[in-house]
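Structure first, commentary second.
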Number of protein chains: 2
Amino acid sequence: MTKVTLIDVGREAGVSAITVSRALRSPEKVSDSLRAKVEAAVRKLGYVPNQSASALASSETNSIVVMIPSMSNHVFTDVLRGIEDALKDTRITLQIGNTGYDPLEEERILRSFLNPAPKGVILAGIEQTDETRSMLANIGVPVVQIMDLSDAPIGKIVGFSHEKAAMSAVQHLLDQGYQKIGFLGAQMDPRSQKRLAGFKRTLQNADLLDEQAIVVTNRPSDVRTGSNLYGKLMQQYPECDAIFCNNDDMALGVLFECQRRGINIPRDFGLCGFNDLGVTAECVPTISTVQTPLFEIGQTAGTILLKGLEQYPEDTIDLGFAVAPRESSRK
Amino acid sequence: MTKVTLIDVGREAGVSAITVSRALRSPEKVSDSLRAKVEAAVRKLGYVPNQSASALASSETNSIVVMIPSMSNHVFTDVLRGIEDALKDTRITLQIGNTGYDPLEEERILRSFLNPAPKGVILAGIEQTDETRSMLANIGVPVVQIMDLSDAPIGKIVGFSHEKAAMSAVQHLLDQGYQKIGFLGAQMDPRSQKRLAGFKRTLQNADLLDEQAIVVTNRPSDVRTGSNLYGKLMQQYPECDAIFCNNDDMALGVLFECQRRGINIPRDFGLCGFNDLGVTAECVPTISTVQTPLFEIGQTAGTILLKGLEQYPEDTIDLGFAVAPRESSRK
DNA sequence: TTGAAAGCGCTAACAA
DNA sequence: TTGTTAGCGCTTTCAA
């Protein structure tokens, strides 16, 4: 079974290689009897197409490139599941690149993934380098950005407004009667910065903003970081009576730290997370959060590439968000 | 910048295409002045190698295929991080396949990834189909299985004993004075089955096994499932005084459910998770667990493929595990 | 509906 | 140290 080629299959079926290729690629353009013969030969010999040869000859691949900042963050694995869902009945393969939140790394990896050109490219965020943009333009490959919104997308963009989402979350805490609201942020990528901007804006409008109420780090977002930053915040802003966290795992860390310190949530302290990563709906008390359409973003991006960008009238697709009020903010 | 080829670079540098290829692939075999000229031309023209053409001509790719059962389970993203770490200073690309815990799906995806042949293949578990095994044998590609141990690995295998790990966990609960120990299992893949076997064996040895103490589901492992299965277990085995969960997120679900029911952990009830996925070290109380070398497994598998299987004397590499006693089992 | 010829961009093997 | 020739396995184009 060493290296079965189209020629071998053709010999077995008594036809030429090109005929086999056609029988496999466009079965409708071939007589029934031929198709049956070819399929039998393929099965008998265990033929598997050589993707390199195919891509080289046709200058077309069957892969879609996805560049995400991190595999450890559930946010992006949820998005990936959405993309996989959109592509599940096709022969399209995902080529996943991990950028580590670095646009230059994104550029470097993407370059190596762009020749031969993939069917499409999905990029997280809108912070691509100029070089990345010009590479993509030169190649002319369909591009979908995800997770954010933009007035000037490279191709299409599917996401939601991080600033508005944060504003809604903070407004929710205000509506519940909390006044001294703090912000805890890890992994301060550009979308987190927008959430911080939304936080600031809402409190400014209410004339309640205190710069001491903001604690951020560039470390990855996780439970322990939530606990740690909570401690830091309470030192520099002791009057704090509620927190908005830029990711659910941070909020969980705050909850645990409050339990350790004997602080009652929601009576003494309000809490709201972000992204609805599952566990905030289960813990005690449940933690209010902002539901973001992660799976749907992936699904939509995949579908757009599948159907062709031109099938979608708008360049920007805002999938919105929803504040999910739970026990942690029911004062 | 449309389609710059080696010939274009060669023309720019005043040499032939093959010389450019050599200058790029083995710079040490080329004169300094030539190398400089070629590098300048590459930069000027923005040349990027066509991987399909390269793979076709050399019958060699620069990719390693990784087949994992799920992207949503942190267990496998930790392993992936390990693989990426081992490969970070190379030009090797990961081709990730998501099997959904289905050996036939693994076979299907793997087949499409095997022509042209990758540099190596990493497979989770030991449940490959006969067809998968024979494909891999025919191609002669280096294979590393991970996450488990086996007497007859396809190539090498890197993992630990799930049965022994579970036995240690259950023994720990016994040592702490718990007697009526239950088992909660989701996503009952073959490795989970081995953990269940370890659970049974240890309790059998102590003459404390009750079949009513076992509750499993094939749904994915998550926090809510932990809470739900806890309820089911307490119905059918009310005398239960401790639980061993087959994954940390399930254990967290049990903790939350106990909080809701006013059951004190560890005084009234003991708890131990599995895999040490981070959050069990942070919650209140902290949850005892079994630390498994997920990152190291990935790292080792990547390194083995990088250096060549033959560099490693043993076929089976047991990276072990460690019970991490925490508050949830300190009766 | 099927086939022959040519070539995708690169590299192995050999030659100079 | 550099170049020539041939060909990897497939698909495109054109012809039958």
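Naming: A, B, ... by sequence-line order, numbering from 1 per chain.
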With respect to the side chain of [X], which nucleotide from [options] is positioned closest?
X: Ser54(B); options: dT11(C), dG9(D), dA4(C); answer: dT11(C)
X: Asn50(B); options: dC10(C), dT2(C), dT11(D); answer: dC10(C)
X: Leu6(A); options: dG9(C), dT2(D), dT11(D); answer: dT11(D)
X: Ala53(B); options: dC10(C), dT2(D), dC8(D); answer: dC10(C)

**Prompt:** Going by distance alone, is a donor N or O of one side chain under 3.5 Å from an acceptor N or O of the other, for Ser16(B) and Thr19(B)?
**Reply:** yes
**Request:** Give a yes-or-no answer on whether the side chains of Gln187(A) and Asn218(A) include a donor-acceptor pair shorter than 3.5 Å.
**Result:** no
**Asked** Base, sugar-phosphate alone, or nothing: which one does Ser59(A) contact when heavy atoms must sit under 4.0 Å apart?
**Response** nothing
**Request:** Have a look at Ile7(B) and say if it touches a base, only the backbone sugar-phosphate, or nothing, with a 4.0 Å heavy-atom cut-off.
**Result:** nothing
side-chain N/O [X] vs [N] OP1/OP2, d < 4.0 Å:
X: Arg25(B); N: dT11(C); answer: yes
X: Ser21(B); N: dC10(C); answer: no
X: Ser31(B); N: dT2(D); answer: yes
X: Ser16(B); N: dT2(D); answer: no

When the distance from [atom1] of [X] to [atom2] of [N] is rounded to whole Å, what number comes out?
X: Lys3(A); N: dG7(D); atom1: NZ; atom2: C1'; answer: 12 Å
X: Leu24(B); N: dT2(D); atom1: CG; atom2: C1'; answer: 15 Å
X: Glu60(B); N: dG9(C); atom1: CD; atom2: C1'; answer: 17 Å
X: Leu45(A); N: dG9(D); atom1: CG; atom2: P; answer: 15 Å
X: Leu56(B); N: dC8(C); atom1: CG; atom2: P; answer: 13 Å
X: Leu34(A); N: dG3(C); atom1: CG; atom2: P; answer: 8 Å
X: Arg22(A); N: dC14(D); atom1: CZ; atom2: P; answer: 14 Å
X: Ile18(A); N: dC10(D); atom1: CD1; atom2: C1'; answer: 8 Å

**Item:** Sidechain N-carboxylate O distance under 4.0 Å for Arg111(A), Glu107(A)
**Value:** yes
**Salt-bridge criterion met for Asp148(B) and Arg191(B) (N-O under 4.0 Å)** = no
**Message:** Heavy-atom nearest nucleotide on DNA chain D for Ala57(A) versus Ser58(B): which residue maps closer to 5'?
**Reply:** Ser58(B)
**Request:** Can you label the angle between the His74(B) ring and the His74(A) ring as parallel, tilted or perpendicular, going by 30° and 60°?
**Result:** tilted
